[in-house]
Each structure stands twice: as C-alpha cells, then as structure tokens.
Amino acid sequence: MTETNEQNNEQRLDFIRQIVADDLEKGTWDGRVHTRFPPEPNGYLHIGHAKSICLNFGIASEFGGKCNLRFDDTNPCKEEQEYVDSIIEDVKWLGWDWEDRLYFASDYFQQMYDWAVELIKKGAAYVCDLTAEEMREYRGTLTEPGKNSPYRDRSAEENLDLFTRMKNGEFPDGSKTLKAKIDMASPNVNLRDPVMYRILHAAHHRTGDAWCIYPMYDWAHGLEDSVEGITHSICTLEFENHRPLYDWFLDALEIYHPRQSEFARLNLTYTMMSKRKLLQLVKDGHVNGWDDPRMPTLSGLRRRGFSPESIRTFCKTIGVNKFNSTVDYALLEHCLRQHLNATSPRVMAVLNPLKVVITNYPDGQADDLDAVNNPEDVSAGTRKVPFGKVLYIEQEDFMEEPPKKFFRLAPGREVRLRYAFFITCNEVIKDEAGNIVELHCTYDPETRGGDAPDGRKVKATLHWVSAEHALNAEVRLYDHLFTKENPDDVPEGQDFAANTNPDSLKVLENCKIEPSVKDTKPLDRLQFERLGYFCTDKDSTPEKLVFNKTVGLKDTWAKIQKQQKKK
RNA sequence: UGGGGUAUAGUGUAACGGUAGCACGACUGACUCUGAAUCAGUUAGUUGGGGUUCAAAUCCCUGUACCCCAACCA
C-alpha cells in the first residue's frame with residue numbers, strides 16, 4: 001500500500017492535467033489533446049508566462065498532443081513586431097516546439113467578420129451608437145442591472161448595412177460598435193451586451209490598413225480556439241468570469257467548442273509580473289531595457305545566466321492551482337543552482353583582488369597545475385592553470401585579526417591555494433592610509449597539487465589567479481530589484497518604484513580571471529569557484545570580458561558573520 | 001441584483017471518507033582541495049464554529065478572510 005501511495009504521489013496530476021486525463025479516458029475529444037499558448041505581442045515574456053508556456057506545451061507533450069503558438073494580435077494600438085520576435089525567441093529558448101503551428105489571430109479576421117455577420121442575421125448582434133461614456137451608464141453597476149441600448153432593436157438589415165459601412169471605414173473611431181445581444185440584467189457584467197467590434201483606424205503590424213474594425217478579446221478568443229481545433233483552452237483566473245461569454249459565442253455560432261479552464265498566475269517574491277509595471281521600469285530607467293539581468297523577463301533571466309532547464313524545473317515544482325499564491329524567490333534559485341551545479345564548468349576568478357607575493361618562489365619559474373573542470377561531471381575533464389610568483393586572492397579571504405570561525409588566511413596561518421600549494425602568510429604590507437595592499441607569503445613546494453605528503457591539514461582552500469597570466473574582467477553583481485518581498489507594499493501615495501533597490505546593480509571593474517576563459521562567448525555559463533555562477537554578457541569582448549553574476553553559491557561564512565555582527 | 005472563485009507548516013504543494021506527506025527555507029551535525037555540492041537529522045500545518053460517520057483536510061450546515069468582474073485592453 002505504501003508503494004502504491006508513492007506511485008500515486010509521483011503520478012499525481014494537477015487539476016488541469018486531471019481534466020485532460022479524464023477527457024482522454026472518456027473520449028471527449030476523440031482522443032485528441034490540443035492546447036495553445038496565446039500571448040498578445042504587446043510586451044516581453046516573463047517568468048509568469050513561462051508557467052503558462054510549460055503548462056500548455058507540457059500537457060501537449062505528456063499526453064501525446066499538440067500545442068500551438070498563437071499571437072492574439074487583436075489590438076493594433078499596443079502590438080509590435082519587436083514583441084512578436086522576442087516572444088518567438090523566448091519560447092524557443094525555453095525548449096518548446098510548435099512545429100508548423102505558428103498562428104496569428106489577425107489571420108482569422110475575415111472569418112471572424114463572416115461569423116459576426118451570421119450573428120447579426122440571427123438577430124444576436126447589433127450595431128450600437130452609444131458613446132463609451134453612455135455605454136458605461138447603460139451597463140449598470142455590480143449591484144444594479146443595466147438597461148437596454150436604444151439601438152438594441154435595429155433590424156438585421158439595418159445592422160448589416162451599418163456593420164458593412166463600419167468595416168468600409170465610413171465612421172470615425174469610437175462612433176459605433178458591434179455588440180452581442182445577450183442580457184443587460186445579467187449578474188455577470190460581461191454578459192451585458194459586450195462589445196464585439198470597435199472602430200480603430202490604426203495600422204496593424206501584420207494586416208496594415210486592411211481593417212479599421214478590430215475584434216475584442218471575448219469575441220475573438222473562442223473563435224481562434226475553435227478554428228484551430230483546440231481541445232483545452234487554458235487561461236488565467238481573471239478570465240473565469242468570461243467563460244460564460246466564451247461559451248455563449250460558440251454556442252450562438254454552433255461551431256466547434258473547446259473547453260476553457262483557468263489557473264492562478266504566478267507571483268514571485270521581490271519581483272512583479274505586471275507588463276505595465278515592467279514597461280514602466282524600462283521607460284523610467286530603473287533598469288537598462290527589457291533584457292536587463294535584473295528583470296523577471298525571460299530575456300532578462302537568459303542574460304542573467306538562467307538555464308531554460310532550471311526554469312522548466314521551477315515551473316514543474318510550483319504546481320498548478322486555482323488559488324493565488326506567492327512563490328519564494330529562493331525556490332527559483334534552488335532550481336537554478338541545482339542545474340548550474342551539475343552543468344557549469346568551474347573556473348577561478350578574483351573579484352576584489354589582493355596581491356600576494358610568494359617570496360620563496362623562484363623568479364622566472366612557472367607551473368601549470370591541473371584543475372578539475374566539474375567535480376559533478378568527470379567527463380568535463382581537466383585543464384591547466386598557470387601559477388606564478390605574484391598572485392591575486394580575494395580581499396575577503398584575508399583578515400589581519402581573524403575572528404572566531406574565520407578559517408581563511410591570516411598572519412602566520414597556512415591555507416591551501418586550490419589545485420596548487422599550501423602557503424603561509426608572513427608579512428602584511430600596508431599603504432600610508434593603513435590599507436592592506438599586499439601580502440608576503442611562502443609556499444611549500446612539497447604540497448604541489450594541493451596535498452601535503454606529511455598529511456597535515458589546512459582549514460581553508462582559497463581560489464586565486466596568477467597576476468602574470470590573469471585576464472581582466474568586469475563583473476556585474478545583482479541583487480533583487482526591490483527591497484520588499486511585495487514591491488507593491490508602499491506607503492500611501494507612492495508606487496512600487498519607491499521600493500526599488502538602489503544596490504541592485506554593482507559593477508566591479510578590476511576583476512581577474514584565469515586565462516582559460518579567453519574565448520568565452522556571450523551566454524556561456526561558468527561557476528567561479530567559491531563565489532557563484534556567472535554568465536558571459538553580450539557586452540563582453542576579447543579585450544574586455546564582462547560577466548554577470550547569475551546567483552551566488554550558498555555562503556555559510558556570510559551567515560556566521562551576520563550572526564557575529566548581531567552579537 | 002450583485003455575481004464568480006479560493007482557503008493545508010514561514011513559502012509552494014500532495015493526500016479524491018481510512019497513518020496529514022513532499023519540496024524550498026530556517027536550524028543541527030557528518031563529510032569535504034569550493035564554508036559549495038552531498039549525506040543524516042530537527043523545526044513547523046488542515047480558516048472559525050457546528051453536524052454526519054467506527055473514521056472528516058475531504059461530506060453537510062454556518063460564519064470569517066482573501067482574489068476577480070462595472071475598457072470600444074487582453
């Protein structure tokens with residue numbers, strides 16, 4: 001029984017997959033599973049979209065079905081080709097494949113128009129001359145019913161004529177709409193004669209000036225799903241109230257009718273997903289563009305050094321549900337580190353260099369030491385790392401007066417340089433202001449490779465680079481964009497911008513990195529030993545290497561320091 | 001005339017009338033040529049109140065809280 005329980009746990013389906021599985025069993029859709037990811041090309045995709053993408057494409061692949069990529073481009077005022085391109089790139093990057101099924105709602109404009117004509121003929125739609133403001137009045141409120149538009153009872157002939165002329169561009173923007181004739185007293189406000197078409201003399205990024213009337217989401221979306229033979233139309237919770245309308249249109253038309261299901265969108269601590277607010281961050285210069293490594297956009301995460309695998313694992317881990325929740329950013333980081341640890345080549349880099357002279361190392365001598373590329377993956381092999389008389393170590397790895405539990409280098413103390421030698425600090429050189437500028441150390445030639453033949457131990461192993469061979473690099477360190485778990489948690493009268501973290505970006509110009517990385521390419525992911533995971537930035541050139549810090553290694557020493565400070 | 005949804009450790013989820021489990025986080029410890037990783041352990045939960053039942057997170061009744069809806073946005 002325990003065994004079956006465990007199996008059940010592993011195969012446990014979320015409620016949407018359960019619906020799909022049940023339908024498959026009942027034969028509801030003749031054994032088909034067909035989903036779609038339908039973004040509006042009005043912004044860049046973010047990690048919240050990744051949840052939806054992984055759900056829709058994931059279901060298709062798990063159940064032997066198909067998933068379309070469809071652009072819901074029904075509002076020319078907000079949409080641009082730039083967004084189409086970025087969305088295609090991002091979904092691809094995540095590792096999903098829509099094969100030849102790349103669709104655009106705008107491809108169906110004629111079909112939608114024809115169907116609208118059909119509804120008019122059936123007496124289920126009418127042209128309305130109410131202004132936006134009047135329409136709001138006629139709609140009623142949440143607690144009071146609306147009232148019928150004075151244009152509601154126009155004849156089918158008149159409606160047909162008017163609608164044709166709307167399409168032909170005879171009327172100015174906002175002067176008329178086509179509306180569904182449903183029920184102005186419905187407790188569901190969406191059913192109070194919703195607008196199907198509005199007049200918009202605007203150029204569309206794909207259809208140009210071919211149309212001056214554009215379909216509204218509620219009218220268009222079900223038709224798109226129907227045309228494509230979608231079985232399960234999966235969307236977010238806020239569309240729950242729209243489902244009766246989705247169903248109404250398809251029923252009225254008596255056409256193929258998919259099933260809509262809704263799930264909760266993703267919220268993440270220390271970030272936010274609203275396209276509007278992300279746009280504001282970009283426009284107000286809080287970040288350097290949509291692909292700024294601090295952004296939760298997929299392009300930002302990619303540039304930051306996230307792997308698509310880690311994002312997919314994350315999406316699987318958070319599950320799918322119907323209630324709003326906020327996932328801890330630490331869970332994303334966990335999934336990230338897990339994948340990066342297994343796959344990232346190790347390399348030694350010093351972010352804040354402190355010069356170390358090995359006083360007993362012969363002038364002119366050179367050593368090439370063997371270093372393991374990835375201890376988690378023997379097939380990654382080894383590489384040579386050059387050693388020299390003058391080295392750099394991390395400033396943080398030396399303390400003149402070490403507190404308790406500080407295991408690293410200190411006067412008189414012996415530590416190991418990774419893959420190299422044991423060294424002992426003999427002398428601390430300071431400048432006039434008293435800053436430590438250099439250490440004089442001696443090394444033990446017997447410890448070459450990192451082990452002492454006499455079996456003596458050291459408490460710390462430091463990363464290092466040879467001054468003579470090191471490459472210069474700029475390293476960009478990132479922290480949360482916001483100082484609060486919930487960026488919208490602000491004093492009255494302020495907006496989320498008040499919570500932006502002034503220290504979310506720190507640039508280190510004078511970093512030193514081992515020569516093996518000289519041919520690194522943008523998006524290469526590396527682990528800088530003992531520091532964290534880093535990714536070569538697109539700004540990187542052979543003359544000036546630039547790296548982004550993706551995420552740090554867990555840092556027990558930092559925790560101890562914090563505790564010591566508290567005391 | 002309001003309607004539609006949802007509540008399980010700090011966080012995210014599982015348990016489909018039958019032992020409240022997993023993951024993240026936090027905290028111990030072991031191991032370690034990364035204070036990483038790994039391993040072992042600790043921590044902590046069913047929204048309140050009634051009821052049905054041998055047995056309730058699950059079914060019923062009744063409160064409470066939170067989310068969504070009144071764009072010619074999606």
Side-chain angles (χ1 to χ4, degrees), chain A residues 1-2 5-6 8-10 12 14 18 38-40 42 72 74-75 77-78 128 130-132 135-136 139-146 173-179 185-192 194-200 213-214 216-218 220-221 235-244 262 264 269 275 317-335 337-338 341-342 346 348 371-372 375-376 405-408 416-420 449-451 457-463 485 527-532 552-560:
Chain A
M1 186 186 121
T2 314
N5 266 351
E6 276 171 17
N8 282 344
N9 279 343
E10 272 182 47
R12 194 74 222 161
D14 59 66
Q18 190 65 58
E40 182 189 14
N42 67 344
D72 205 0
T74 57
N75 184 354
C77 306
K78 291 188 173 179
C128 183
L130 254 26
T131 65
M135 216 181 278
R136 191 160 39 242
R139 192 157 31 229
T141 70
L142 292 177
T143 54
E144 295 162 316
D173 287 3
S175 59
K176 283 180 169 45
T177 57
L178 182 74
K179 302 204 302 195
S186 171
N188 181 343
V189 188
N190 294 123
L191 262 20
R192 320 239 263 228
V195 173
M196 295 164 62
Y197 276 95
R198 76 282 214 187
I199 301 172
L200 240 37
I213 57 171
Y214 289 92
M216 299 289 291
Y217 167 87
D218 285 306
H221 204 86
C235 59
T236 45
L237 241 34
E238 65 269 28
F239 292 105
E240 240 168 349
N241 296 331
H242 294 243
R243 193 185 340 130
E262 310 85 8
T269 55
K275 272 188 194 172
T317 307
I318 56 175
V320 179
N321 243 319
K322 259 182 113 71
F323 44 89
N324 295 299
S325 59
T326 302
V327 178
D328 195 335
Y329 195 88
L331 182 59
L332 213 209
E333 291 187 325
H334 167 76
C335 297
R337 288 195 186 100
Q338 188 175 283
N341 177 47
R346 272 60 168 171
M348 290 197 285
V372 175
E376 305 289 325
K405 291 190 183 170
F406 182 84
F407 301 149
R408 281 112 96 143
R416 172 170 39 233
L417 296 181
R418 187 142 162 93
Y419 299 124
D451 284 306
K457 302 281 185 196
V458 288
K459 290 197 86 170
T461 299
L462 310 186
H463 61 276
E485 283 196 13
Q527 186 196 92
F528 291 0
E529 294 227 31
R530 301 210 305 132
L531 295 174
L553 257 23
K554 288 201 174 170
D555 191 347
T556 304
W557 169 237
K559 275 183 191 171
I560 294 170

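Atom set for the values below is all heavy atoms of this structure, side chains included, hydrogens, waters and symmetry mates excluded. No experiment lies behind these values; they were computed from the predicted model shown. Every chain is numbered from 1 and lettered A, B, ... according to where its sequence line falls, protein lines coming before strand lines.
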Value rounded to 0.5 Å, distance of CG in A:Leu178 from CD1 in A:Ile199: 10.0 Å
Nearest-nucleotide 5' precedence on RNA chain B, A:Asn324 against A:Pro145: A:Pro145
Pairwise P distance for B:A26 and B:A74, with rounding to whole Å: 43 Å
Along RNA chain B (nearest heavy atom to each residue), the more 5'-positioned of A:Leu331 and A:Arg346: A:Leu331
Given B:G25, B:U34, B:G35, the nucleotide with the shortest approach to the side chain of A:Trp557: B:G35
Below 3.5 Å is the cut-off: list the nitrogen or oxygen pairs between protein and nucleotides 72-74 of chain B, distance only.
| unit_1 | atom_1 | unit_2 | atom_2 | d |
| --- | --- | --- | --- | --- |
| B:C72 | OP2 | A:Arg139 | NH1 | 3.1 |
| B:C72 | N3 | A:Gly174 | O | 3.2 |
| B:C72 | N4 | A:Leu130 | O | 2.9 |
| B:C72 | N4 | A:Ala132 | N | 3.4 |
| B:C72 | N4 | A:Gly174 | O | 2.7 |
| B:C73 | OP2 | A:Arg198 | NE | 2.8 |
| B:C73 | OP2 | A:Arg198 | NH2 | 2.9 |
| B:C73 | O3' | A:Arg198 | NH2 | 3.1 |
| B:C73 | O2' | A:Asn75 | ND2 | 3.0 |
| B:A74 | OP1 | A:Thr74 | OG1 | 2.8 |
| B:A74 | OP1 | A:Arg198 | NH1 | 3.2 |
| B:A74 | OP1 | A:Arg198 | NH2 | 3.0 |
| B:A74 | OP2 | A:Tyr217 | N | 2.9 |
| B:A74 | O3' | A:Asp72 | OD2 | 2.9 |
| B:A74 | N6 | A:His242 | NE2 | 3.4 |

Within-4.5 Å side-chain heavy-atom neighbours: A:His242 and A:His221: no
Among B:G35, B:G25, B:A70, the one nearest A:Arg530 by side-chain distance: B:G35
Reported CD1-to-CG distance for the pair A:Ile213 and A:Asp173, which is rounded to 0.5 angstrom: 12.0 Å
N/O donor-acceptor pair under 3.5 Å between A:Arg337 side chain and A:Gly552 backbone: yes
Sugar-phosphate only, base, or nothing, as touched by A:Gln527 at under 4.0 Å among non-hydrogen atoms: base
What's touching nucleotides 7-11 of chain B from the protein side, N or O pairs under 3.5 Å?
| unit_1 | atom_1 | unit_2 | atom_2 | d |
| --- | --- | --- | --- | --- |
| B:U11 | O3' | A:Thr326 | O | 3.1 |
| B:U11 | O2' | A:Thr326 | O | 3.2 |
| B:U11 | O2' | A:Asp328 | N | 3.4 |

Residues A:Arg416 and A:Thr461: side-chain donor-acceptor under 3.5 angstrom: yes
Validation row: A:Thr177, A:Met216 side chains within 4.5 angstrom (heavy atoms): no
Distance in Å, A:Phe239 CZ paired with A:Asn190 CG, rounded so as to fall on 0.5 Å steps: 10.0 Å
Whole-Å C1' distance, B:A30 and B:C66: 45 Å
Strand RNA chain B as a dot-bracket string - pairs counted if Watson-Crick or G-U with both distances under 3.5 Å, | where the partner lies in another strand: .((((((..((((....[..))))((((((.......))))))...(((((..]....))))))))))).....
Rounded distance in Å between the C1' positions of B:U52 and B:C59: 8 Å
Atom-to-atom span, NZ of A:Lys322 to C1' of B:A14 - whole angstrom: 19 Å
Touch class at under 4.0 angstrom, heavy-atom based, for A:Tyr329 against every strand present: nothing
Side-chain donor or acceptor of A:Thr236 paired with backbone N/O of A:Glu238 under 3.5 Å: no
Nearest atoms (heavy-atom pairs only) where A:Thr74 meets A:Tyr214: O-CB, 3.5 Å
Length of the line joining A:Leu553:CG and B:U38:C1', which is rounded to integer Å: 13 Å
Please list, for nucleotides 2-4 of chain B, all pairs of protein and nucleotide N/O atoms separated by less than 3.5 Å.
| unit_1 | atom_1 | unit_2 | atom_2 | d |
| --- | --- | --- | --- | --- |
| B:G2 | N9 | A:Leu142 | O | 3.2 |
| B:G2 | N3 | A:Leu142 | O | 3.1 |
| B:G3 | N2 | A:Asn241 | OD1 | 3.2 |
| B:G3 | N2 | A:Asn241 | ND2 | 3.0 |
| B:G4 | O2' | A:Asn241 | OD1 | 3.4 |

Whole-Å gap separating C1' (B:U13) and NE2 (A:His334): 14 Å
Side-chain donor or acceptor of A:Asn321 paired with backbone N/O of A:Phe323 under 3.5 Å: no
Phosphate contact (B:G35 OP1 or OP2) by A:Thr461 side-chain N/O below 4.0 Å: no
Step-by-step salt bridge (Lys or Arg N to Asp or Glu O under 4.0 Å) determination, A:Lys275 to A:Glu40: CA-CA 11 Å; A:Lys275 272 188 194 172; A:Glu40 182 189 14; 5.4 Å; no
Any side-chain heavy-atom pair of A:Glu529 and A:Leu553 under 4.5 Å: no
Nucleotide B:C69, atom P - distance to CD of A:Glu262 in whole Å: 14 Å
Separation of atom CD in A:Glu485 from atom C1' in B:G25, rounded to whole Å: 11 Å
Spacing of the P atoms in B:U32 and B:G45 (rounded, Å): 37 Å
Gap between atom OG1 of A:Thr131 and atom CZ of A:Arg136 - 0.5 Å precision: 8.5 Å
Distance between P atoms of B:A57 and B:U64 (Å, rounded): 23 Å
A:Lys559 side chain near B:A26 phosphate (N/O to OP1/OP2, under 4.0 Å): yes
Euclidean distance, atom CD1 of residue A:Ile560 to atom P of B:A26 [Å, nearest integer]: 13 Å
Heavy-atom side-chain proximity of A:Met135 to A:Lys179 below 4.5 angstrom: yes
Each nucleotide N or O in nucleotides 39-41 of chain B that has a protein N or O under 3.5 Å away: list the pair and distance.
none

Atom pair distance, as rounded to whole Å: NZ in A:Lys459 and P in B:U32: 13 Å
Separation between the C1' atoms of B:U8 and B:A56, rounded to whole Å: 14 Å
A:Ala264 backbone acceptor or donor facing A:Asn324 side chain under 3.5 Å: no
Whole-Å C1' distance, B:C31 and B:C39: 8 Å
Expected output: side-chain A:Arg192 to main-chain A:Arg139 donor-acceptor under 3.5 Å: yes
Beyond-backbone contact of A:Ile560 with A:Phe406, side-chain heavy atoms, under 4.5 angstrom: no
Sugar-phosphate only, base, or nothing, as touched by A:Leu531 at under 4.0 Å among non-hydrogen atoms: nothing
Interatomic distance, A:Lys405 NZ vs B:G29 C1' [rounded to whole Å]: 13 Å
Span that lies between the P atom of B:A7 and that of B:U46, in whole angstrom: 16 Å
Set of ring pair (Phe, Tyr, Trp, His ring centres under 6.0 Å) partners for A:Tyr329, sequence neighbours left out: A:His480
